[in-house]
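Down below is the structure, laid out as C-alpha cells.
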Amino acid sequence: MSVIYDRVALIGLGLIASSMWHAIKRAGVAREVTGYARSPETRAIAREIGLCDRVCESAAEACEGADLIVLCVPVGAMGDVAAEIGAVLKPGATVSDVGSVKKAVIEAVAPHLPEGVHFVPAHPLAGTEHSGPRSGFAELFDNRWCLIVPQAGSDRAAVERLEAFWQALGSHTDEMDAEHHDLVLAVTSHAPHLIAYTMVGVADDLRRVTDSEVIKYSAAGFRDFTRIAASDPTMWRDVFLNNKEATLEILGRFTEELFALQRAIRTGDGDHLHAYFTRTRAIRRGIIEAGQDTEAPDFGRVKKA
Ligand code: NAP
C-alpha cells in the first residue's frame with residue numbers, strides 16, 4: 001500500500017484513535033503519526049505501548065505540519081480542540097473527525113478552521129464497549145462502513161483522499177449529509193443504546209427483588225443489553241446532548257410502537273405480536289446478508305467448557 005498522507009495527527013488517544021494507529025501501520029498509508037491526549041496518564045500509556053510514532057505534549061504540537069488531522073475526542077469536546085489547533089494548521093491540510101454525531105460537530109469545529117484548510121467530517125461505524133488507548137486493534141474497521149460528510153464547497157480531491165484513506169484502513173465508504181447521518185444513526189445506534197441503558201437500569205432497580213438472578217441467568221437477551229450499556233458514559237452523554245432532535249424523534253416513534261405492543265399483550269392479540277416479530281426477524285436476515293454480522297447462533301460466541 002502506498003502513502004496517502006505524509007503526516008497524520010490523532011487527537012484523543014482512545015479506542016478509535018488507537019485502532020486507527022494500528023490500521024494505519026498495517027496499511028502503511030502514513031509516514032509519521034503523531035498523537036495527543038489531554039491527560040498525562042493517557043500520554044504515558046501511549047508512549048509505553050508504542051502508540052503513535054510520536055506522542056506530543058499539546059494538540060497544537062501534534063498538528064503542526066500534519067497533512068491529516070483526525071479529532072478522536074468525545075463529541076462535546078470537538079469545538080475546544082479545534083480552537084486549540086486552528087492557528088497551527090498548515091494550508092492544504094485536511095481536518096476530519098470520527099464523532100458519532102455530525103451536525104453539532106460541524107457547527108462546533110468549522111468556525112475555528114482557517115481558510116485553505118479542508119474540513120471533511122467522517123464517522124466510522126465501528127466500535128466496541130471498551131475505551132482508552134489499550135483497547136484499539138487494527139481490524140476494528142474491516143468490512144465496516146465509514147460515512148464521509150462533505151461540506152458545501154468541499155474540495156473533491158480532499159474528500160476522495162480521505163475516502164481512500166478509510167478504505168485502506170479496511171472500511172467501505174459512503175457519502176451522506178450531516179442531517180441525514182444524524183437521523184440514520186439515531187435509528188441504528190443512538191436510540192438502541194438508550195434503550196439498552198434503560199433496560200439495564202430497570203434490572204438494576206429490581207435487583208433487590210431478584211437478588212443475583214439477573215446476573216446469574218443473564219444469557220437470555222439481557223446479556224446483550226449489558227454489553228451495549230457498558231459503553232463509555234462520557235461519549236454517550238455527548239451523543240445524546242448533541243443529537244437531541246433526531247434521537248427524540250426516534251424515541252417518540254419507539255414509545256408509540258411499545259404502547260401498541262403493550263396493548264397487544266394486554267388484549268391477547270397474538271396475531272399482532274406474531275406479525276410484528278415476523279417483520280423484525282427479516283431485518284436480522286438483511287444485516288447478515290449485507291455481511292455486517294455473523295449467521296452463527298448467539299453471535300458466534302464459543303461456549304466455555
Ligand atoms: P475513548 O476511548 O473514551 O477516548 C476518548 C479520548 O478523548 C481520550 O484520549 C480522552 O483523553 C480524550 N478526551 C476525553 N474528553 C476530552 C476533553 N474534554 N478534551 C480533550 N480530550 C478529551 O473514546 P472513543 O471510543 O475512541 O471515541 C472517540 C470519538 O469517536 C467520539 O467522538 C465518539 O463519538 C466516536 N466514535 C466512537 C465509537 C465507539 O464505539 N466507541 C464508534 C464510532 C465513533 P484522556 O484519555 O486523556 O482522558
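In this chain, residues are counted from 1 in sequence order. In each ligand, atom 1 is the first atom listed, and ligand 1 is the first ligand listed.
The two atoms that bring Ile49 and Pro133 nearest to each other are CD1-O, 3.7 Å, heavy atoms only. Between Ser231 and Trp236 the shortest heavy-atom distance is CB-NE1, 3.3 Å. Closest approach of Ala59 to Glu84, counting heavy atoms only: CB-OE2, 3.8 Å.
Looking only at protein heavy atoms, the nearest one to atom 17 (C) of ligand 1 is Ala77 CB, 3.5 Å. Distance from atom 3 (O) of ligand 1 to its nearest protein heavy atom, with residue and atom name: Ser131 CB, 3.6 Å. In this structure, atom 33 (C) of ligand 1 lies nearest to the protein heavy atom Ser100 OG, 3.5 Å. Of the protein's non-hydrogen atoms, the one nearest atom 40 (O) of ligand 1 is Gly127 CA, 3.3 Å. Protein heavy atom at the shortest distance from atom 23 (O) of ligand 1 is Leu15 N, 4.4 Å. The nearest protein atom to atom 20 (C) of ligand 1, hydrogens excluded, is given as Arg38 CD, 3.8 Å; this is a heavy-atom distance. Ranking protein heavy atoms by distance to atom 9 (O) of ligand 1, first place goes to Leu13 N, 2.8 Å. Atom 47 (O) of ligand 1 has Ser39 OG, 2.6 Å as its closest protein atom, hydrogens excluded (heavy atom only).
Against a heavy-atom cut-off of under 4.0 Å, Pro124 is close to the following atoms of ligand 1: 43 (C). The Cys72 neighbourhood of ligand 1 comprises atoms 6 (C), 7 (O), 28 (C), with distances under 4.0 Å to a heavy atom of that residue. Listed by number with element, the atoms of ligand 1 under 4.0 Å from a non-hydrogen atom of His123 are 43 (C), 44 (C). The Met78 neighbourhood of ligand 1 comprises atoms 32 (O), with distances under 4.0 Å to a heavy atom of that residue. Those atoms of ligand 1 with a heavy atom of Val75 less than 4.0 angstrom away are 32 (O), 34 (O). Each of the following atoms of ligand 1 lies closer than 4.0 Å to a heavy atom of Gly14: 1 (P), 2 (O), 4 (O), 9 (O), 26 (O). Shown in contact with Thr42 at under 4.0 Å from a heavy atom are these atoms of ligand 1, numbered in order with element: 45 (P), 46 (O), 47 (O). Atoms of ligand 1 found under 4.0 Å from any heavy atom of Gly99, numbered from 1 in the order shown, are 32 (O).
Residues Glu257 and Arg253 are not paired through a salt bridge, judged by the lack of any N-O separation under 4.0 Å between the basic side chain and the carboxylate. Checked for salt-bridge contact, Asp182 and Lys244 miss the test: no charged N lies under 4.0 Å from a carboxylate O. Taking 4.0 Å as the cut-off between side-chain N and carboxylate O, Glu139 and Arg144 do not count as a salt-bridged pair. Between Asp142 and Arg26, at least one side-chain N (NZ, or NE/NH1/NH2) sits under 4.0 Å from a carboxylate O, which counts as a salt bridge. Remark: Arg156 engages Glu175 in a salt bridge, criterion side-chain N to carboxylate O under 4.0 Å. Salt-bridge annotation for Lys102 and Asp177: absent, with no side-chain N of the basic residue lying under 4.0 Å from a carboxylate O of the acidic one. Salt bridge Arg47/Glu57: present, at least one basic N to carboxylate O contact under 4.0 Å.
Heavy-atom distances between Arg43 and ligand 1 stay at or above 4.0 Å for every pair. Ligand 1 has at least one atom lying under 4.0 Å from a heavy atom of Ala126.
Checking Val98, Val73, Asp232, Ile16 against atom 31 (C) of ligand 1, the nearest heavy atom belongs to Val73. Of the options Gly12, Pro74, Ala122, the smallest heavy-atom separation from atom 13 (N) of ligand 1 is shown by Pro74.
Between Phe240 and His190, the ring planes are perpendicular. Angles over 60° get that label, and only those under 30° would be called parallel. The aromatic rings of His272 and Tyr276 lie parallel to each other, with less than 30° between the two planes, well short of the 60° mark.
At a heavy-atom cutoff of 4.0 Å, ligand 1 is contacted by the side chain of Met235 but not by its backbone.
Residues Phe141 and Val33 are members of one and the same hydrophobic cluster, defined by side-chain heavy-atom contacts under 4.5 angstrom among Ile, Leu, Val, Met, Phe, Trp and Tyr.
Annotation: Gly132 places an N or O atom under 3.5 Å from an N or O atom of ligand 1; distance criterion only.
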